[in-house]
Amino acid sequence: MRKPSIRKSIAARTSVKRFVRHNLGLKAPRGYGWITNPKKYMYNKIYNRTTFNIFPLLKKLFK
């Protein structure tokens, strides 16, 4: 079950690495994660298929 972290999402949006990448235009197109970081790509692919978010389930139950 996925538990969102506000602290981590803020840290990701304010990192120096992101700032440099966005300002220099060094971003790869969407879907090219397997080129830039294959290990992370495989981890995320497996993670996204095996985890689920509890909030939509709760929404259906209490609707």
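- Under a hydrophobic clustering in which Ile, Leu, Val, Met, Phe, Trp and Tyr are joined whenever their side-chain heavy atoms come within less than 4.5 Å, directly or via other members, F19 and I10 fall into different clusters.
- Interatomic distance, T36 OG1 to Y41 OH, rounded to the nearest 0.5 Å: 11.0 Å.
- Around the CG atom of L58, the shell of radius 6.0 Å holds more than 12 heavy atoms that belong to other residues, nucleotides or ligands.
- Checked by atom type and distance alone, the side chain of R13 pairs as donor or acceptor with a backbone atom of S9 at under 3.5 Å.
- Under the 4.5 Å side-chain heavy-atom criterion for Ile, Leu, Val, Met, Phe, Trp and Tyr, F55 and F52 are members of the same hydrophobic cluster.
- Tracing side-chain contacts under 4.5 Å through hydrophobic residues (I, L, V, M, F, W, Y), one never reaches W34 starting from Y47; they form parts of separate clusters.
- Follow the hydrophobic side-chain contacts under 4.5 Å out from L61 and you reach I54 in the same cluster.
- One distance of note links CD1 of I46 with OG1 of T51; it measures 11.5 Å at 0.5 Å rounding.
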